[in-house]
Amino acid sequence: MKLLVLSAAEVHDLLGYGECAAAMRAALTELSAGRADQPLRTWTSSPAVRGRTGLMPALVPGPERVAYGLKVISLRPGNPALGLASHIGLMLLSDFVTGAPLAVLNASALTEIRTAAVSVLATDVLARPGASDLAVIGTGPQARAHVLAFSQTRPLRRIRIAGRGPSSADRLAAQLRPLVGAEITAAPSARDAVAGADIIVTVTSSPDPVLQRDWIEPGAHINAVGASQPATREIDGATVAAAALFADSRDALLAEAGEYLLARKDGLIGPGHVRAELGEVLAGSAGGRRSDTEITLFKSLGLAVEDVAAAQLAYEKAVATGAGQWTEF
């Protein structure tokens, strides 16, 4: 039996943001229609180690085959100081019929790309037509991936980045400037970054809100990506209450989304506040934005179906192009 191994660099070379967004469209549509299968993410942790590890299996029907796999991803906040990614692990893609392993992929790279691709997809569906002023709150790998993803998939007029301090935003803006066509600058604060923005992305590790309602322009679209635990949130409750809320998965939202759970606990929203899953909007079974002045909020928790669909795409491209390394297993 042969197993294909794809490194982080190879995953980045194989997966373009636009084609990955197309794969995410299909996967999320299948999930909301009940044809894809994924249990809720399972987390394990220990007081001896700062961080936690998630297990994310899924299967996604496709036109030619069922994509099937498991991602094992560890979140270790101390890793960057060691020169490692804070999200680290592997993606195992298997043959659904036989169960035989097909490929192992770098999970950090896969997660970066598919997460940014989903934000692009949600923005295409939920933002106002012509939205082109992007604000990114955060300066880590996901911030970089989102700037590249949006730059490669839609016309942008302006990009502003804000971080915990001006130096990290300055560094990221300088690194990305040669790679994007739009004007890109570092903002002194999150409030400055989102002033006038019609597309906002939050990709931070903050447990507390980094975005507040009175900073946000009417008609803006927000992709909330960073927080994925019930007690953490990047978006304040007033913004959640004022916005039309969309989820990648209702089940995941109810289990993990602090933005929703804490706003509900505070009495700011009720159980019916979620307008739709993104897959329902994509399929036309639910509506999206209702006016040019409505604030739309997409809560991205990251789903196993996204990982499996992205891994299947990377595997097929690697086989077609000869990328990666094969090993006997």
Side-chain angles (χ1 to χ4, degrees), residues 1-44 53-75 84-85 87-118 120-121 141 145 149 248-249 252 279 300-329:
M1 188 186 328
K2 288 191 174 182
L3 184 72
L4 179 63
V5 179
L6 295 174
S7 68
E10 288 162 339
V11 171
H12 278 289
D13 288 342
L14 289 164
L15 283 182
Y17 290 106
E19 62 183 350
C20 191
M24 298 302 97
R25 174 184 288 269
L28 290 170
T29 301
E30 292 294 301
L31 179 66
S32 291
R35 294 185 291 265
D37 184 29
Q38 66 166 27
L40 284 173
R41 181 162 35 204
T42 300
W43 291 107
T44 59
T53 296
L55 304 178
M56 301 172 64
L59 64 85
V60 184
E64 298 180 6
R65 63 186 57 82
V66 174
Y68 170 62
L70 166 71
K71 186 171 81 171
V72 181
I73 190 78
S74 293
L75 279 59
L84 298 171
H87 291 58
I88 193 166
L90 60 84
M91 177 75 206
L92 173 64
L93 187 70
S94 298
D95 183 287
F96 179 65
V97 176
T98 67
L102 297 174
V104 171
L105 300 84
N106 181 287
S108 299
L110 190 77
T111 303
E112 285 177 30
I113 297 166
R114 64 83 157 146
T115 304
V118 171
V120 165
L121 180 60
D248 49 12
S249 160
S300 174
L301 286 161
L303 305 179
V305 293
E306 299 165 2
D307 295 309
V308 168
Q312 182 70 33
L313 175 61
Y315 173 74
E316 291 174 356
K317 292 190 68 178
V319 170
T321 61
Q325 296 80 44
W326 291 93
T327 183
E328 290 292 337
F329 179 75

Student: Which pair of heavy atoms, one from Met56 and one from Asp307, lies closest together, and at what distance?
Tutor: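 Nearest heavy atoms, Met56 then Asp307: CE-OD2, 3.4 Å.
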
Student: Can you tell if the side chain of Lys2 reaches within under 4.5 Å of the side chain of Glu328, non-hydrogen atoms only?
Tutor: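 SC-SC contact between Lys2 and Glu328 confirmed.
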
Student: Output the distance between atom CE (Met1) and atom CG (Leu102), rounded to the nearest 0.5 Å.
Tutor: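 Met1 CE to Leu102 CG: 9.5 Å, rounded to 0.5 Å.
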
Student: Checking the side chain of Asp248 only, and the main-chain atoms of Leu301 only, is there a donor and an acceptor separated by less than 3.5 Å?
Tutor: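 Side chain of Asp248 to backbone of Leu301: a pair is present.
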
Student: Checking Glu10 now: which residues fulfil salt bridge (Lys or Arg N to Asp or Glu O under 4.0 Å) with it, not counting sequence neighbours?
Tutor: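 Not a single residue meets the salt bridge (Lys or Arg N to Asp or Glu O under 4.0 Å) criterion with Glu10.
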
Student: Taking it one step at a time, do Val308 and Leu59 satisfy side chain to side chain contact (heavy atoms under 4.5 Å, CB included)?
Tutor: CA-CA 7 Å; Val308 168; Leu59 64 85; over 6 Å; no

Student: At their closest point, which heavy atom of Met24 faces which heavy atom of Leu121, and how far apart are they?
Tutor: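 That would be C-CD2, 3.9 Å.
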
Student: Is there a donor-acceptor pair under 3.5 Å between the side chain of Arg41 and the backbone N or O of Gly302?
Tutor: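 Judged by distance alone, yes, a pair lies under 3.5 Å.
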
Student: With the side chain counted from C-beta on, respond yes when Ile73 and Met91 share a heavy-atom pair under 4.5 Å apart, and no when they do not.
Tutor: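 Heavy-atom side-chain distance check fails, nothing below 4.5 Å.
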
Student: Would you check if Glu316 and Arg65 make a side-chain contact, meaning some heavy-atom pair closer than 4.5 Å?
Tutor: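 Result yes, sub-4.5 Å side-chain heavy-atom pair found.
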
Student: How close do Ala310 and Cys20 get, counting heavy atoms only, and between which atoms?
Tutor: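 Heavy atoms of Ala310 and Cys20 come nearest at CB-SG, 4.2 Å.
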
Student: Search all heavy atoms of Tyr17 against all heavy atoms of Ala149 and return the closest pair with its distance.
Tutor: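 In terms of heavy atoms, the two residues are closest at CD2-CB, 3.4 Å.
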
Student: Look up atom CG in Leu92 and atom CG in Leu70, then write down how far apart they are to the nearest 0.5 Å.
Tutor: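 Rounded to the nearest 0.5 Å, the CG-CG separation comes out at 6.5 Å.
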
Student: What closest approach, in Å, do Ser300 and Thr115 show between heavy atoms, and which atom pair accounts for it?
Tutor: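 Shortest heavy-atom separation between Ser300 and Thr115 comes out as OG-CG2, 4.4 Å.
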
Student: If the test is side chain to side chain donor-acceptor pair (under 3.5 Å), which one of His87, Lys71, Glu306 qualifies with Thr111?
Tutor: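 Result: among His87, Lys71, Glu306, Lys71 is the only option passing the side chain to side chain donor-acceptor pair (under 3.5 Å) with Thr111.
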
Student: Closer than 3.5 angstrom, by distance alone: can the side chain of Thr327 be matched with the main-chain N or O of Leu3 as a donor-acceptor pair?
Tutor: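 Checking the backbone N and O of Leu3 against the side chain of Thr327, no donor-acceptor pair under 3.5 Å is found.
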
Student: Evaluate side chain to side chain contact (heavy atoms under 4.5 Å, CB included) for Ser7 paired with Asn106, printing each intermediate quantity in order.
Tutor: CA-CA 5 Å; Ser7 68; Asn106 181 287; 5.7 Å; no

Student: Would you say Trp43 and Leu75 make side-chain contact, with heavy atoms under 4.5 Å?
Tutor: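 Trp43 vs Leu75: side chains touch.
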
Student: Give me the atom names and distance for the closest heavy-atom approach of Leu6 to Ala314.
Tutor: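 The pair with the smallest heavy-atom distance is CD1-O, 4.2 Å.
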
Student: Hey, does Leu303 have a side-chain heavy atom less than 4.5 Å from the side chain of Leu28?
Tutor: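 Yes; the side chains approach each other to less than 4.5 Å.
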
Student: Any side-chain heavy atom of Val319 within less than 4.5 Å of one from Trp326?
Tutor: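 Side-chain contact under 4.5 Å: yes.
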
Student: To the closest 0.5 Å, what do you measure between CG (Leu110) and CG (Leu15)?
Tutor: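 Result: 6.5 Å between the selected atoms.
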
Student: Please check: side-chain N/O of Gln38 versus main-chain N/O of Val305, any donor-acceptor pairing under 3.5 Å?
Tutor: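 Judged by distance alone, yes, a pair lies under 3.5 Å.
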
Student: Return yes when atom OH of Tyr68 has more than 12 non-hydrogen atoms of other residues, nucleotides or ligands closer than 6.0 Å, and no otherwise.
Tutor: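 No, the 6.0 Å shell around OH holds no more than 12 heavy atoms from other groups.
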
